[in-house]
Number of protein chains: 2
Amino acid sequence: MTCEIERKFLVHGFVPPVAATAQRVRQGYVAITEDGTEVRVRRASGHHTLTVKSGIGLTRVEVEREIGAADFDALWPATASARVEKDRYRITDGPHTIVVDVYDGALRGLCTAEVEFTSTEQARQYTPPGWVGEDITGVAGYLNRSLATHGIPPYEDNTRKDDHGR
Amino acid sequence: MTCEIERKFLVHGFVPPVAATAQRVRQGYVAITEDGTEVRVRRASGHHTLTVKSGIGLTRVEVEREIGAADFDALWPATASARVEKDRYRITDGPHTIVVDVYDGALRGLCTAEVEFTSTEQARQYTPPGWVGEDITGVAGYLNRSLATHGIPPYEDNTRKDDHGR
């Protein structure tokens, strides 16, 4: 189980640092329920995982297990209607790591940045570098399960609905 | 991955053999999708598992991983609307094992028997012992995911829709 405190941003015109290498991430959802449960398979750097996330907000729970390539391939067809492909870069920003996702396929053109924190206080105080764009923390349309099924949200959704760090 | 060839029957007035011990099984569904994917957590004999089944009929795929008790407890609330509790007995019948499930809770009164085979030919030729009742192989209403969400099907559904072994 993990509980994440993070902020998420849009990035425009991202240029990877010269030495950066991307991790190719391919993920699909075998189930997304109305009460917020999602079941995902992911392939990244030769590893395959099965992840269940359930609950909403602060009580959100994540259980992840490694699976074999054959299991991944067997479950992949069940994700046909909800997939995301992206290149993931990890960029150091002082004590933080900015995870930049450059989306591909139907989501080409979208680029997001996520930063994880150990406390909500730390999340609130964080100021991202200048190349990072709008804060989209908590905007439902940018959740990967939403991107996978509905595509990139319209521009008017590109704002946070509150003034807090998360 | 596994692919199961099995037949399923109703059992009426089941009396466990004197020496038989039951395995208490508690399972719940965190997701059931319209295209037949189900995601289940189960506790049985102190072991906890996370299982994803997807696909329909012969192409049905099953991926199962052991999870910890804490993970099971964390995902359990997400199964609130779809749970099954039962006592499971394994009874030897010549070369076969009959798995008898005595349901509890909202499904109290229901008892089923399942026998797994290594070929469809073997499944077709099998004759169950006299204490085993109606053949309900392939009757959707008796799938555990259906029992968990809809309860015991009405009596008129207690018949197979074809004349084949599965």
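Chain A is the first sequence line, chain B the second, and so forth, proteins listed ahead of strands; every chain is numbered from 1. These numbers were taken from a predicted model, which means no experiment stands behind them.
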When A:T33, A:L75, A:V41 are compared by non-hydrogen pairs under 4.5 Å with chain B, the top option =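 When all of A:T33, A:L75, A:V41 are compared, A:L75 has the most.
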
Decide whether A:Q23 and A:D87 meet the rule of one side-chain donor and one side-chain acceptor closer than 3.5 Å.
->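 A:D87 and A:Q23 do not have a side-chain donor-acceptor pair below 3.5 Å.
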
Structural part of A:V30 lying under 4.5 Å from a heavy atom of chain B =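 Both backbone and side chain.
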
Can you say whether the rings of A:Y126 and A:H96 are parallel (under 30°), tilted (30 to 60°) or perpendicular (over 60°)?
->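 Rings of A:Y126 and A:H96: perpendicular, over 60°.
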
Sort B:E66 into side chain, backbone, both or neither according to what part of it lies under 4.5 angstrom from a heavy atom of chain A.
->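 Answer is backbone: N, CA, C or O of B:E66 sit under 4.5 Å from chain A.
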
Considering all heavy atoms, the nearest A:G141-A:L147 contact |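 Distance-wise, the nearest heavy atoms are O-CD2, 3.6 Å.
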
Would you please test A:E85 and A:R24 for salt bridge (charged side-chain N to carboxylate O under 4.0 Å, His left out) and show each step?
-> CA-CA 8 Å; A:E85 284 190 77; A:R24 186 70 176 180; 3.4 Å; yes

